[in-house]
Undergrad: 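Just passing along the structure, written as structure tokens.
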2 protein chains.
Amino acid sequence: MNISEVSKRTGLPAKTIRYYEEIGLVSPARSGNGYRSFRDSDLHKLAFLGRARALGFSIEDCRNLMTLYEDRGRASSDVKAIASEHLVAIDAKLAELRQMRNTLADLVSSCAGDDRPDCPILADLAAKSDG
Amino acid sequence: MNISEVSKRTGLPAKTIRYYEEIGLVSPARSGNGYRSFRDSDLHKLAFLGRARALGFSIEDCRNLMTLYEDRGRASSDVKAIASEHLVAIDAKLAELRQMRNTLADLVSSCAGDDRPDCPILADLAAKSDG
DNA sequence: CCTTGACCCTCCAGTTACTGGAACCCTTAT
DNA sequence: ATAAGGGTTCCAGTAACTGGAGGGTCAAGG
């Protein structure tokens, strides 16, 4: 299977697939002309990676998850540990974003948005808290 | 005022302040010994930048906001446009993160997390949807 | 046989917003 | 003289790709 077919089936850009090979996440065979020749197992791996990435796992997390996936003697606690840590990070990010969103939404709604210069958004950004 | 004092007052790392100078966001004077010599206006600008960055605005947004801030003839609509666009982006990011969080939380809670290999997390990542 | 178009390849540079570190200068106190 | 604690520049690295140049390969059509 050539790269464009794999790209179509996994939803990953060909560039990304080449990149994943470069960093050792997959190792497709090569045919005589130098083209990458993907086996079903490669396709599988790439699909796995795509889903893990879609859940926000870092490449290193993905690498570790993949290793666990291929280790029949793994402990599910190792998988859960990675996922739980990621969940904590997501929650932190969410809290931060929500905070930003609230502040920003307040500012936006308080700004007239007309052709005059007065602007609570700029006023807030310029505010010195030290009185 | 030397850089460490500015760093202390703005909460920005000295490295970051130097970086902001490098990309033209501030232009502190120099004293005879080559040290950066920050005026109050520089401090002001840096504090402004720090707050804008804390709201998640990109450096380019910050640059534009700063320009508007210094333009007495600005229209508040221009400021509002930048902020609104950013708000939309934040909302999109929030939606994406929430989705990830929900899926991930489900997976985490369904995993025993013991020393056995069976793991719904890996099962989900490996799932082929094409039946 | 030649060309055209759709593939594929490698390699290099750029993205975002810093951060770490090396190597070195300035100032003040001991 | 030296040591501590500032400051300086410049280079490299981070995360995960993405874009583009320059160039082979392959199948079909004339």
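Proteins get letters first, then strands, A, B, ... in listed order; numbering begins at 1 in each. Below, each value reflects all heavy atoms present in this structure, side chains not excepted, and no hydrogens, waters or symmetry copies.
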Undergrad: Please name all residues satisfying side-chain contact (heavy atoms from CB on, under 4.5 Å) with A:Arg53, sequence neighbours left out, ordered by chain then number.
TA: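 With neighbours one apart ignored, the set is A:Tyr20, A:Ile59, A:Cys62.
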
Undergrad: Enumerate the residues from residues 19-36 of chain B whose closest heavy atom to DNA chain D is under 4.0 Å, giving them by residue number; use none for an empty result.
TA: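 Going residue by residue through residues 19-36 of chain B, the ones with a heavy atom under 4.0 Å of DNA chain D turn out to be B:Arg30, B:Gly34, B:Tyr35, B:Arg36.
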
Undergrad: A:Ser4 side chain: which of C:dC7, D:dT9, C:dA17 is closest?
TA: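 Closest nucleotide to the A:Ser4 side chain: C:dC7.
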
Undergrad: Are the charged groups of B:Arg18 and B:Glu22 less than 4.0 angstrom apart, N to O?
TA: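 Salt bridge: no.
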
Undergrad: Just to be sure I understand the geometry, which residues of residues 81-102 of chain B put a non-hydrogen atom under 4.0 Å away from DNA chain D?
TA: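 Nothing qualifies; none.
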
Undergrad: Is A:Glu21 salt-bridged to A:Arg30, going by a charged N under 4.0 Å from an acidic O?
TA: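 Looking at A:Glu21 and A:Arg30, the cut-off is met.
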
Undergrad: Output yes when A:Arg39 and A:Asp42 qualify as a salt bridge under the 4.0 Å nitrogen-oxygen rule, no when they do not.
TA: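 Looking at A:Asp42 together with A:Arg39, the answer is yes, because their closest N to O distance falls below 4.0 Å.
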
Undergrad: Out of curiosity, A:Leu122 CG to B:Asp71 CG, how far, rounded to the nearest 0.5 Å?
TA: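 Result: 10.0 Å between the selected atoms.
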
Undergrad: Determine the minimum heavy-atom distance between B:Gly113 and A:Ser76, stating which atoms define it.
TA: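 Minimum heavy-atom separation between B:Gly113 and A:Ser76: N-OG, 3.2 Å.
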
Undergrad: Write down the distance between CD1 (A:Ile17) and C1' (D:dA16), rounded to a whole number of angstrom.
TA: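 Checked: the CD1 to C1' distance equals 15 Å.
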
Undergrad: Evaluate the criterion side-chain contact (heavy atoms from CB on, under 4.5 Å) for residue pair A:Tyr19 and A:Leu25; output intermediate values, then yes/no.
TA: CA-CA 9 Å; A:Tyr19 173 67; A:Leu25 288 178; over 6 Å; no

Undergrad: Is a side-chain donor or acceptor of A:Thr10 paired with a backbone partner of A:Val6 at a separation under 3.5 angstrom?
TA: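 Checked: pair present.
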
Undergrad: Verify the contact: side-chain N or O of B:Arg18 to OP1 or OP2 of D:dC10, cut-off strictly under 4.0 Å; return yes or no.
TA: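 No, B:Arg18 has no side-chain N/O under 4.0 Å of OP1/OP2 on D:dC10.
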
Undergrad: Of all the choices, C:dC8, D:dC10, D:dG20, which nucleotide is nearest to the side chain of A:Lys15 once you look at every atom?
TA: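 Taking heavy atoms from C-beta onward, the closest nucleotide is D:dG20.
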
Undergrad: Please give, in whole Å, the distance from C:dC18 C1' to B:Glu60 CD?
TA: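 Rounded to whole Å, this separation is 15 Å.
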
Undergrad: For A:Ile3 and C:dA6, give me the distance from atom CD1 to atom P, rounded to whole Å.
TA: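 About 19 Å, once rounded to whole Å.
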
Undergrad: OP1 or OP2 of C:dT19 sitting under 4.0 Å from any side-chain N/O of B:Thr16?
TA: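 It does, given that an N or O in the side chain of B:Thr16 lies less than 4.0 Å from OP1 or OP2 of C:dT19.
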
